[in-house]
Engineer: 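Before I ask anything, here is the structure I am working with.
Each chain gets a letter, A, B and so on, in the order the sequences are listed, and its residues count up from 1. Everything numeric in this text was worked out from a predicted model, so none of it was measured.
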Amino acid sequence: MAESWTSLLVVRKPAHLKRMLSGRPAKALAVNTGPRRQLHLALHHDDLRLTQQQQQQRVLLQHYRSLGHMPFKRPAPVPHQGTESGGESESSSRPPPAKQQKTSMQKALPDTTVYIVQAKLDVGGISELFELAEHHTKGACRNAMDADVIITAIAMRRRLERHVPWDIAETKAVVTPAWLRDSVDHGRALPCGDYVAIQDLLETTVEHCPDCNCKPCACSDGDSEAATPRFEAKQLPSPLSSPSTPVKQRAMSTSTKKEEKKPVVPQPVPEHLLPPDPPIPTNLAKLDYMSRYACQRASPLVCPNQALVRELDIIRRSRDLEGEARSALSYERAVSIIKAYPHEIRSLKQVEKLPFIGVKITGLIEEFLDTGKITEAQTINASERFQTLSLFSSIYGIGPSTAIRLYNLGLRSLNDLEVYYGVEPEDVALQSQIVEVEEKPRKPAWQRGQHKGDEGLGDSWTRVALGLREDLAKKIPRAEVEEMGRVVMRELEELEPGCVSTIVGGYRRGKMESNDVDIVFTHPDPSKVKGLCKRLVRKLHERGMVTHVMHLSGFHAHNALRTHHWDSLEKALTVFIMPPSSPFHTGVRRRLDLIFAVPDVYWTAVIGWTGSIMFQRDIRQWAKDKHGMKFDSSGITRRYDSKEFFPKTEKEAFDLLGLEWVEPKWRNADL
DNA sequence: CGGCGTACG
DNA sequence: CGTA
DNA sequence: GCCG
């Protein structure tokens, strides 16, 4: 069913290239137009000898270079990083860009109000147009109806109709972005006929063009808020919380102040769906750092033995990458138990009694106590193999198995991967603009790869992921996480007033920087929730804030007798980009996960998505071992009679399982 | 020696 | 297999 | 790799 809007948008590096696409006719370009196809074929066979592979690689690389494009700079293969708690130093945490400089120059179009259709524009283009609009016109308005001129990169009527009602479009000049640029350059409105965006609208566009004679502006002043591309966002510099305090968002019951006509009383959100006020403190004395369950321990973000834990985690990651999942699990547990140990470890005796510390790991700790390091970890970390596998599996969609396969093929760098997956120089250039890719009914990865066959080498999905990596590798500062929450909430509020949300994930556990943003939503009225996820994603997508949808699922309720209610959640895994109107706009794309839960399972969803992974795992384990209950993010079920429990608050869920209350900031059971 | 969290695409 |  |  109409997945048309689900199409993926590939947006890249708008910065310096955006000018280039100005006059060009809007045109969708397939990612997979590969004159390079043949070249891939040579690589499709797994069974080629390795040396042969490497030769192929070399040939490709040479070819690549001969094209004269040095495929954009890559962040140096992260030597691994993260020092102490204050180990940012990333360029990512730069302050929000100062708002555009107010020029006092004469406006080229002082009486013209424009409406900018963001669809099909890349971020750079959007922000450029908004800036032009702000500086050189009367302003950009929020509703097409209020504008004199509509600016769009869309060329097809059907497509435009999704964003602007046709009958309104017929009363405006509808032009391409080039019109605004050129008009600004010329210091006056140019004839719109030359820039008409959609042929069907040529006549009306000419008729309503603000060139030559000055028509009265149609944009009502009543819409002052929208007239200048919003400054509201910066109003609230997020007094939100101290770094380690978890933050939940309240539904802003004050939605649209102008519309209060209906007897639809803005019914207050039920207390229990909001975070407890005052927050519930953790009784550390009741927790037990010796417990086998992470959910019974207090695990701080940074522990007294952080250096040791980091060494062990290197080994853990290595085991994971090498496919030794079980071994990795043991290291994970060891890390976890040490993370909760409240003192600096000075002697082996302190450690020997801890669970999950066996022979092997005791030995490693002993070495660490003696020498301050663990040789095995150092060796691993210094190895090309480890560094490369880490790098490869940092790409979304590439896990340990694929990483090893690629490594065995002789690939070593992202550049190699790009060649292998057929990212071409022209693609790189293309990435500055919008590229549409059909959402293909692609077979899942586990069905390809089964030895021989096509391996899905030219897999456009992986290419997209490669292109995104540079951005997604960057950490997200807390303040930006909060802004993302606000921005998304604002859109949701327009869609369905009265929603409640909690930003979960590492952010909620107090991390200063996050790798992604997870938000759990609900609405007091359960019937309002169904389909909301898709609707929100669609809206964000139309607004240009969601550029990719990597996964989208609705809930199947308790249908098949198979497994009961599994997934009474809707979730969307997306790529988000801050709108240009936000003071936090940087153009860096971020992973954003949206989870919609009916109110009954809201708090279990929040618990589940708050993590950490080990904490979550052990909650499940605890629920099973001690209570014969099954816990997951969509509910708590008693195993013998399948009775479901729906805790009304987060604390109630802990009570139900006989667990001491543990604040999110004490749930950092993983490194 | 079996089990290690669990579900989904 | 990869992701949450 | 560790536990029961």
Engineer: Could you tell me the separation between the CD1 atom of I636(A) and the P atom of dG5(B), rounded to a whole number of Å?
Structural biologist: 19 Å
Engineer: Taking only N and O in the side chain of S401(A), is any of them less than 4.0 Å away from OP1 or OP2 of dC1(C)?
Structural biologist: yes
Engineer: How close or far is atom P of dG9(B) from atom CE of M550(A), stated in whole angstroms?
Structural biologist: 17 Å
Engineer: Select base, sugar-phosphate, or nothing to describe what D618(A) touches, counting heavy atoms under 4.0 Å on all strands.
Structural biologist: nothing
Engineer: Report yes if a side-chain nitrogen or oxygen of K630(A) is closer than 4.0 Å to either non-bridging phosphate oxygen (OP1 or OP2) of dA7(B); otherwise report no.
Structural biologist: yes
Engineer: From dG2(C), dA4(C), dT6(B), pick the nucleotide closest to the side chain of K624(A)?
Structural biologist: dT6(B)
Engineer: So L364(A), base contact, sugar-phosphate only, or nothing? Heavy-atom distance under 4.0 Å.
Structural biologist: nothing
Engineer: Tell me whether the side-chain N/O atoms of R326(A) come closer than 4.0 Å to OP1 or OP2 in dG2(B).
Structural biologist: no
Engineer: Of the non-hydrogen atoms in I577(A) and V588(A), which two are nearest, and what is the gap between them?
Structural biologist: CG1-O, 4.3 Å
Engineer: When the side chains of residues 621-628 of chain A are checked against the rest of the protein, which donor-acceptor pairs come out under 3.5 Å, sequence neighbours left out?
Structural biologist:
| from | atom 1 | to | atom 2 | distance (Å) |
| --- | --- | --- | --- | --- |
| W622(A) | NE1 | L657(A) | O | 2.7 |
| D625(A) | OD2 | Y293(A) | OH | 2.6 |
| H627(A) | NE2 | L657(A) | O | 2.7 |

Engineer: What's the NE2-P distance between H627(A) and dG5(B), to the nearest Å?
Structural biologist: 18 Å
Engineer: Taking only the side-chain heavy atoms of R639(A) (C-beta and beyond), determine which of dA4(C), dG2(C), dT6(B) contains the nearest atom.
Structural biologist: dT6(B)
Engineer: Any donor-acceptor pair under 3.5 Å linking the side-chain atoms of T502(A) with those of Y602(A)?
Structural biologist: yes
Engineer: Measure from the side chain of D518(A), starting at C-beta and using heavy atoms only, and say which of dA4(C), dG2(C), dG5(B) lies closest.
Structural biologist: dA4(C)
Engineer: Strictly below 4.0 Å, N to O, side chains only: are R469(A) and D471(A) in salt-bridge contact?
Structural biologist: no
Engineer: So what does I619(A) touch, heavy atoms closer than 4.0 Å: a base, only the sugar-phosphate, or nothing?
Structural biologist: nothing
Engineer: Which residue pairs satisfy the side chain to side chain donor-acceptor pair (under 3.5 Å) criterion with at least one member in residues 356-368 of chain A, sequence neighbours excluded?
Structural biologist: Y331(A)-K360(A), E367(A)-T375(A)
Engineer: Could you give the CG-to-P distance, from L389(A) to dG2(C), as a whole number of Å?
Structural biologist: 12 Å
Engineer: Work out which heavy atom in S633(A) is nearest to a heavy atom in G608(A); give both atom names and the distance.
Structural biologist: CB-CA, 4.4 Å
Engineer: Is there a side-chain contact between R620(A) and the phosphate of dG5(B), meaning an N or O under 4.0 Å from OP1 or OP2?
Structural biologist: no
Engineer: Using a 4.0 Å heavy-atom cut-off, does I361(A) contact any base of the nucleic acid, only the sugar-phosphate backbone, or nothing at all?
Structural biologist: sugar-phosphate
Engineer: With sugar-phosphate meaning primed atoms plus P, OP1 and OP2, does R316(A) contact a base, only sugar-phosphate, or nothing at under 4.0 Å between heavy atoms?
Structural biologist: nothing
Engineer: Nearest-Å distance, CZ (F596(A)) to C1' (dA4(C))?
Structural biologist: 17 Å
Engineer: Just so I know, are the side chains of I365(A) and L348(A) near enough to count as touching, which here means a heavy-atom distance under 4.5 Å?
Structural biologist: yes
Engineer: For dG5(B) and dC2(D), measure between their P atoms and round to the nearest Å.
Structural biologist: 16 Å
Engineer: Does R333(A) place a side-chain N or O at less than 4.0 Å from the phosphate oxygens OP1/OP2 of dG5(B)?
Structural biologist: yes
Engineer: In whole Å, I'd like the distance from the CG atom of L472(A) to the P atom of dA4(C).
Structural biologist: 10 Å
Engineer: Hey, does K339(A) have a side-chain heavy atom less than 4.5 Å from the side chain of N668(A)?
Structural biologist: yes
Engineer: For chain A and DNA chain D, what are the first and last nucleotides along the strand, 5' to 3', with at least one atom under 4.0 angstrom from a heavy atom of the protein chain?
Structural biologist: dG1(D) to dG4(D)
Engineer: With sugar-phosphate meaning primed atoms plus P, OP1 and OP2, does Y331(A) contact a base, only sugar-phosphate, or nothing at under 4.0 Å between heavy atoms?
Structural biologist: sugar-phosphate
Engineer: What is the distance from CG of L406(A) to C1' of dG2(C), rounded to the nearest Å?
Structural biologist: 14 Å
Engineer: Can you tell me the distance, in whole Å, between the CG atom of L594(A) and the P atom of dA4(C)?
Structural biologist: 13 Å
